[in-house]
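Notes to accompany the following structure.
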Amino acid sequence: MLGAVSAPPPPEKPLRVMPWWLALLGLLVAVLLGWLVLDRLLAEADRAAQPDTRATLRVDAIRTGLTVVAGTGGGLALLLAARRQWINERGQRHQEAVAARDQAHRDRVQEHAEAVADAGQRHQERQAAAAEHDAAERRLTDLYVRAIELVGSDNPAVRLGGLHALERLGQDNPGQRPTIVAVLCAYLRMPAPDDPRETEVRRTAQRMLTRHLQEDREGWWPGIALDLTGARLDDFDAAGCTLVDLDLTGAVCTGTTSFAGAVAHGRLRLAAEFADVVCDDLTGDAEVVLDDARCTGRVSFDRADLGALSCRGASFAEVSFRGATLRQPSSFDRARFAGSATFREAVFLGGLSMEHATFAGYAGFRHARFADMALFRWTGFGAEAWFEGARFEGAANFGRAVFHGGASFEGATLARRPLVDQARASASVTHVWPPDVTVGRRDDDWLVLTDP
């Protein structure tokens with residue numbers, strides 16, 4: 001916004017010097033006026049009949065004429081005095097205006113000098129800051145290159161020192177943290193030789209990553225994403241970490257992989273090979289993706305509170321979702337459960353789909369809550385399938401499902417009549433079906449469930 005600019009004062013008219021003849025002309029005018037008045041009065045006095053009266057009148061006429069001349073001269077003198085006073089005042093104003101202009105000029109010169117000095121100072125400061133920045137960047141580059149050279153050494157102990165150098169560099173320079181994390185992730189993605197010393201180096205790299213992802217600890221690096229696609233991890237422990245866009249696609253995770261108590265945002269891509277996985281008390285709004293994951297050990301999501309969960313095509317040895325809450329639609333389509341699968345008291349707020357899933361062992365959904373639709377079409381239950389006390393608040397569909405073991409819906413509540421079109425159940429075990437389910441015998445081995 002432009003400030004108002006005051007208009008310059010109008011220029012004063014030049015002062016004209018009064019010529020000498022003008023004063024002489026004024027004197028002549030005063031004399032002429034006095035002479036005319038005197039002549040007129042003397043002419044009137046001569047008309048008097050008495051000599052004494054005539055003499056008196058002539059004296060008065062002369063006195064009056066002189067008075068007129070004196071008055072006219074006094075008036076002219078007064079005008080000259082007024083003009084002199086006006087000239088003095090104008091001169092005083094002119095001197096004041098000249099002094100003000102001189103002061104304003106001096107102020108402008110002073111401001112310009114200060115602005116030039118300030119600009120010079122800022123320029124010097126910018127040059128000094130640029131030089132300091134360049135020196136710091138060169139120092140960082142040297143430290144980074146040196147640390148990378150150490151990480152690339154053939155000696156595991158030297159590589160370990162290089163990793164610690166990188167960590168110190170990231171701790172002291174927040175702007176370098178994404179690059180350093182990318183280097184550590186790339187190191188873990190490299191092929192791992194079968195060497196116990198190398199295993200220790202890689203575990204150290206893992207601990208460096210997870211150590212700086214714990215928000216409640218000193219040294220937290222916020223907003224760090226981990227790209228560990230295809231990495232080989234051993235006992236990867238991210239318990240209590242804040243995870244943003246973690247990608248383990250194609251990774252091989254031996255030992256126990258832990259996300260217990262972690263907070264997840266973005267997407268957690270866990271399509272990897274796992275032994276044991278602990279995700280107890282895992283929370284956050286992230287989309288957890290376990291599509292095509294292979295879990296040969298125990299997987300636990302007990303008391304987890306998650307957004308969306310996708311386990312399409314995943315295979316589990318033993319899995320537990322006891323008391324878990326899934327707030328968005330979750331899918332276990334085509335998932336394979338080789339061992340027991342426990343969903344006791346789990347809450348599915350956004351719907352659940354287990355179409356074409358296979359349970360080789362126990363499938364427990366006791367007291368589970370299905371707030372939206374629950375799809376178990378073409379699901380194979382190889383052992384017991386317990387839905388005792390479960391709550392189906394939306395549509396429940398068990399069409400074409402196969403129950404090889406006992407199925408029990410005792411105490412279950414269903415807001416709608418379940419769909420069981422052509423579901424089959426073993427005739428050699430006892431079942432407890434929901435009300436309004438029509439059960440017929442197909443042959444000696446199978447029962448057929450049909451909708452009324």
Side-chain angles (χ1 to χ4, degrees), residues 1-9 11 95-153 158-189 204-228 238 240-247 263-267:
M1 181 177 178
L2 298 177
V5 179
S6 59
Q95 291 178 357
E96 293 175 354
V98 170
R101 286 195 296 270
D102 291 343
Q103 182 62 37
H105 177 70
R106 287 192 295 271
D107 292 341
R108 288 194 298 271
V109 171
Q110 179 66 23
E111 291 176 358
H112 177 70
E114 292 177 354
V116 171
D118 186 57
Q121 179 66 25
R122 290 198 301 270
H123 179 67
Q124 292 178 358
E125 291 176 353
R126 285 195 298 269
Q127 286 185 328
E132 183 178 356
H133 176 73
D134 293 340
E137 289 296 322
R138 286 194 298 270
R139 184 170 63 254
L140 286 176
T141 301
D142 293 341
L143 291 174
Y144 178 75
V145 171
R146 178 56 180 163
I148 293 298
E149 291 176 351
L150 295 176
V151 173
S153 172
V158 176
R159 291 200 298 273
L160 193 61
L163 293 177
H164 284 291
L166 281 176
E167 183 184 25
R168 288 196 301 272
L169 186 62
Q171 186 64 29
D172 297 336
N173 302 275
Q176 301 297 321
R177 291 171 182 174
T179 302
I180 292 172
V181 169
V183 171
L184 293 176
C185 291
Y187 180 78
L188 292 173
R189 291 196 301 268
T204 300
Q206 293 175 187
R207 288 193 293 270
M208 286 181 181
L209 290 175
T210 57
R211 179 163 53 240
H212 297 291
L213 297 179
Q214 298 183 15
E215 188 173 352
D216 57 349
R217 291 184 56 181
E218 185 178 0
W220 177 46
W221 295 0
I224 296 298
L226 302 182
D227 182 7
L228 294 170
C241 293
T242 299
L243 304 173
V244 180
D245 293 332
L246 171 65
D247 194 348
V263 179
H265 302 288
R267 294 190 72 185

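In this text the structure is predicted, and so the values were computed from the model without any measurement.
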Applying side-chain hydrogen bond (donor to acceptor under 3.5 Å, both in side chains), which residue pairs with at least one partner in residues 178-189 are found, sequence neighbours left out?
R159-Y187, Y187-E198
With sequence neighbours left out, what residues match R168 under salt bridge (Lys or Arg N to Asp or Glu O under 4.0 Å)?
none
Please check if the number of heavy atoms outside E132 that lie under 6.0 Å from its CD is greater than 12.
no
Around atom CD of E218, are there more than 12 heavy atoms from other residues, nucleotides or ligands closer than 6.0 Å?
no
Start with the C-alpha distance between E149 and R146, add both sets of side-chain angles, then the distance that settles salt bridge (Lys or Arg N to Asp or Glu O under 4.0 Å), and finish with yes or no.
CA-CA 5 Å; E149 291 176 351; R146 178 56 180 163; 3.7 Å; yes
Considering all heavy atoms of both residues, which atom of [X] and which atom of [Y] are nearest to each other, and what is their separation?
| X | Y | answer |
| --- | --- | --- |
| G175 | P178 | O-CD, 3.8 Å |
| W220 | Q214 | CB-O, 3.5 Å |
| Q171 | R177 | O-NH2, 3.3 Å |
| A205 | L188 | CB-CD2, 3.9 Å |
| V151 | G162 | CG2-C, 3.7 Å |
| L209 | C185 | CD1-SG, 4.1 Å |

Got a sec, which residues hit ring pair (Phe, Tyr, Trp, His ring centres under 6.0 Å) with H265, two or more places apart in sequence or on another chain?
none
Spacing of [X] atom [atom1] and [Y] atom [atom2] [to the nearest 0.5 Å]:
| X | Y | atom1 | atom2 | answer |
| --- | --- | --- | --- | --- |
| Q127 | E125 | CD | CD | 11.0 Å |
| W221 | E167 | CH2 | CD | 6.0 Å |
| I180 | L169 | CD1 | CG | 4.0 Å |
| S153 | I148 | OG | CD1 | 13.0 Å |
| L166 | L184 | CG | CG | 6.0 Å |
| R207 | L163 | CZ | CG | 11.0 Å |

Quickly, which of E114, R108, R106 forms a side-chain hydrogen bond (donor to acceptor under 3.5 Å, both in side chains) with Q110? Name it, please.
E114
Closer than 3.5 angstrom, by distance alone: can the side chain of D247 be matched with the main-chain N or O of L228 as a donor-acceptor pair?
no
Are V244 and I224 close enough, and set up right, to give a side chain to side chain contact (heavy atoms under 4.5 Å, CB included), and what steps lead you there?
CA-CA 7 Å; V244 180; I224 296 298; over 6 Å; no
